[in-house]
Amino acid sequence: MSSAIELSSKQKSIVDADAGAIYVKASAGSGKTRVLTERVRYLLSQTDKKILALTFTNKAGEEIKERLEDVENISARTFIGTFHSFCQSILEMRIHLLGYDEMPHIFENESDRLELIEKSIHQIPSYSATYNKKNTKEKRSFSYRALNFIAGVKRQLISESDIENHTEDKNIVLLYRTYQDTLRAQNAIDYDDLLLLAYNIFIEFPKVAALYRRSFYAICIDEAQDMNNAQYQFLKYLTNGELTNVMMVGDPNQAIYHFNGSSSDYMNKEFVKDFSPKTIELTENFRSSRAVLQAANKLIPEMENIEGLVKEGVFKRYKAENEEKEAEWVVSKIQKFICLKNHSDIEGDITLEKIAVLARNKYLFKTIEKILKQLNIPYCYKMTPGALQFESKIMQIFDLALKVKLNQDDDLHLQRLLKLLSLSTDNKIDLPTIIERLKNESHKKIIVLVNSLNESGDNFFKQMSDFKEQIMETDDEEKRMLWADIEELLKHWQIYAKNTDNKSLHQFKNAMALGKIHPLSEHNGLTLSTVHTMKGQEFEIVFIIGLDDETFPDYRAVKSGGVDLIQEKNNLYVAFTRSKRWLYISYPRERTMPWGGTKTREISRFLTGFDCKIIKENKGE
């Protein structure tokens, strides 16, 4: 193997294994991504064919690409990215096989899909009459249930003609079909259609599937515990019993996307049954300290191997009087760590960038954020990269106008654009007519700009750069937001242009929709993050706040029990194992309710009976 990466003997046995199916059952901190990356490197040395490496986040894909950037011609010899981006690449080349004249536009935003649900409801008289009698909250709840049903149908790869056999509610079947018709009328597909349509191409045109199958020497799947039914069935049909050189790497105890239909069973059971892989367990830990792993073991016994660890680490618990005291204590500890500067447990100097504060939900950061601002302590939120969201009104207008320019059938975004511009609704209107009607000069300038963009995108960067320099907004805050929005958009374009030979505005917009060209935010200062967005990230020092029962686990999981409660314990396990060295957990004995008053809280049911050092408030530890 040509790589200079240092591997343990067990890791090396996986990387250099003979061709064939492999299931790497890996615990937290065991080097899952390193093993997969080096396996790809090794496989490339064995073949002239391409390697397919599939991930579940754009960030994971970018990390793998960075680690392999020293391999000659790596971009041509591999496809590294998410399932959805791989399916998008198939559709961009083959969508005509399903009767489309061109690649449809992707409606990726939940708000777009909810609005389409509402449009569809109003096209069904029997539904519309009942729906209009509901209050706002009831309407929202119904729309979410309908959207979840539609997403579930697509993830189960159920054909439109067969839906009636899967539900007794005939109205919901009618709503599904009306929703799909509404999408088609606007030359659009939604996020779940990417997998469904790519799968349909393979099913209806087996020669296409065979072509892809023959082009790949092997498939490697990272974080495979997050796979759902559509992804697994797509993989199964792609391989079709012929491409057996498949490796799945994952940890069953880090499956936290149950709400997306994912399950570790596809890796743990289905893959084992269908591919008869060689199973190898990675239990070595190259990341966490003994104290952290012992705490994780308390949550899910016998999941971590703590033998041979060098760093002892810290695991402590703090019970605060209320959220305010909890936040003050956390910030005080962080300040002491920074003053300490270094410690034998921590590699290098102790800096804010090596510390993270985690919580089950984002609202729990409200108090700590206020204190950080008062003390001028820099911090940032860990965000999951996705579609670019504009803050300024002018760039929101730009975004809608661009969608309308590129898709003349897009009535959804046309009506939204007209509403934002305070113009009367009109299904027949185009951008030049909108320009004629506008009196607001700033709004007119941005629509003129969009209308002037070439489909090839060859004037995109110059037009946007010139517009940025000509901004005449008098409101400083709006100007700041507008400037930042354009800067961010130009970063997206530069990343897209750098990695694309045949550029087009349509392709650029779809790449943005999937978050494929999102420039990851620079990590500056202390990190605040929900548990879900911290997956795959580690910090030297971690605080987990809000560990009172019905906060973590979430009250909804407590109420429903079963798999949701198991999922919450997995969430906490993931949170614990984000810490490399020191882990501090805390909860308030009283919590202020949004409607006023306080409520006494108990420690999370997951932590009752936990044997760990309890920090005494009066000692100020």
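Just so it is clear, the structure is predicted and the values come from calculations on it, not from any experiment.
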Less than 4.0 Å between a side-chain N and a carboxylate O, is that true for [Y] and [X]?
X: K25; Y: D251; value: no
X: D222; Y: K32; value: no
X: R113; Y: E110; value: no
X: D345; Y: R581; value: no
X: K65; Y: E69; value: no
X: R41; Y: D70; value: yes

Original post:
Under the 3.5 angstrom rule, does the side chain of N240 hit a backbone N or O of E242 as a donor-acceptor pair?
Top reply: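 Side chain of N240 to backbone of E242: no pair is present.
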Original post:
Any chance the side chains of Y217 and Q46 put a donor and an acceptor closer than 3.5 Å?
Top reply: no
Subject >> K236 versus Q231, side-chain donor and acceptor atoms under 3.5 Å >> reply: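 No, K236 and Q231 have no side-chain donor paired with an acceptor closer than 3.5 Å.
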Distance, nearest 0.5 Å, that separates [atom1] of [X] from [atom2] of [Y]:
X: I150; Y: Y179; atom1: CD1; atom2: OH; answer: 5.5 Å
X: F86; Y: L235; atom1: CZ; atom2: CG; answer: 10.0 Å
X: F365; Y: L358; atom1: CZ; atom2: CG; answer: 6.5 Å

Original post:
Run the salt bridge (Lys or Arg N to Asp or Glu O under 4.0 Å) check on R184 and E160 step by step: do they pass?
Top reply: CA-CA 14 Å; R184 281 189 284 266; E160 215 165 303; 3.5 Å; yes
Between [X] and [Y], what is the shortest heavy-atom contact and its length?
X: T167; Y: F149; result: CG2-CZ, 4.0 Å
X: Y232; Y: D274; result: OH-OD2, 2.6 Å
X: D192; Y: A151; result: OD2-CB, 3.4 Å
X: F79; Y: S89; result: CE1-OG, 3.9 Å
X: A230; Y: K154; result: CB-O, 4.3 Å
X: D16; Y: R39; result: C-NH1, 3.9 Å

Close side-chain approach of [X] to [Y], heavy-atom, < 4.5 Å:
X: N510; Y: Q88; result: yes
X: I219; Y: L238; result: yes
X: Y496; Y: Q507; result: yes
X: L36; Y: V24; result: no
X: F83; Y: I221; result: yes
X: M248; Y: F275; result: no

Subject >> salt bridge (Lys or Arg N to Asp or Glu O under 4.0 Å) assessment of E538 paired with K580 >> reply: CA-CA 6 Å; E538 302 92 32; K580 289 183 177 183; 5.2 Å; no
Original post:
Under the criterion side-chain contact (heavy atoms from CB on, under 4.5 Å), which of D162, L157, I163 is the partner of S159?
Top reply: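 So the option named by the test is D162.
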**OP:** Test I585 against every option in I545, L572, L607 by the side-chain contact (heavy atoms from CB on, under 4.5 Å) rule and name the one that passes.
**Re:**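 By the side-chain contact (heavy atoms from CB on, under 4.5 Å) criterion, I585 pairs with just one of I545, L572, L607: L607.
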Subject >> Stepwise salt bridge (Lys or Arg N to Asp or Glu O under 4.0 Å) test for E72 and R77 >> reply: CA-CA 9 Å; E72 188 177 355; R77 298 185 64 197; over 6 Å; no
**OP:** Please check if the distance between the ring centroids of Y266 and F271 is under 6.0 Å.
**Re:** no
Original post:
How about F315 and Y584: are their ring centres within less than 6.0 Å of each other?
Top reply: no
Original post:
Yes or no on side chain to side chain contact (heavy atoms under 4.5 Å, CB included) for H84 and L194, after CA distance, side-chain angles and deciding distance?
Top reply: CA-CA 6 Å; H84 285 88; L194 289 168; 4.1 Å; yes
Original post:
Do the ring planes of F202 and Y212 sit parallel (below 30°), tilted (30 to 60°) or perpendicular (above 60°)?
Top reply: tilted
Original post:
Can you list the steps and then say if N570 with Q567 is a side-chain hydrogen bond (donor to acceptor under 3.5 Å, both in side chains)?
Top reply: CA-CA 5 Å; N570 283 346; Q567 198 73 21; 4.6 Å; no
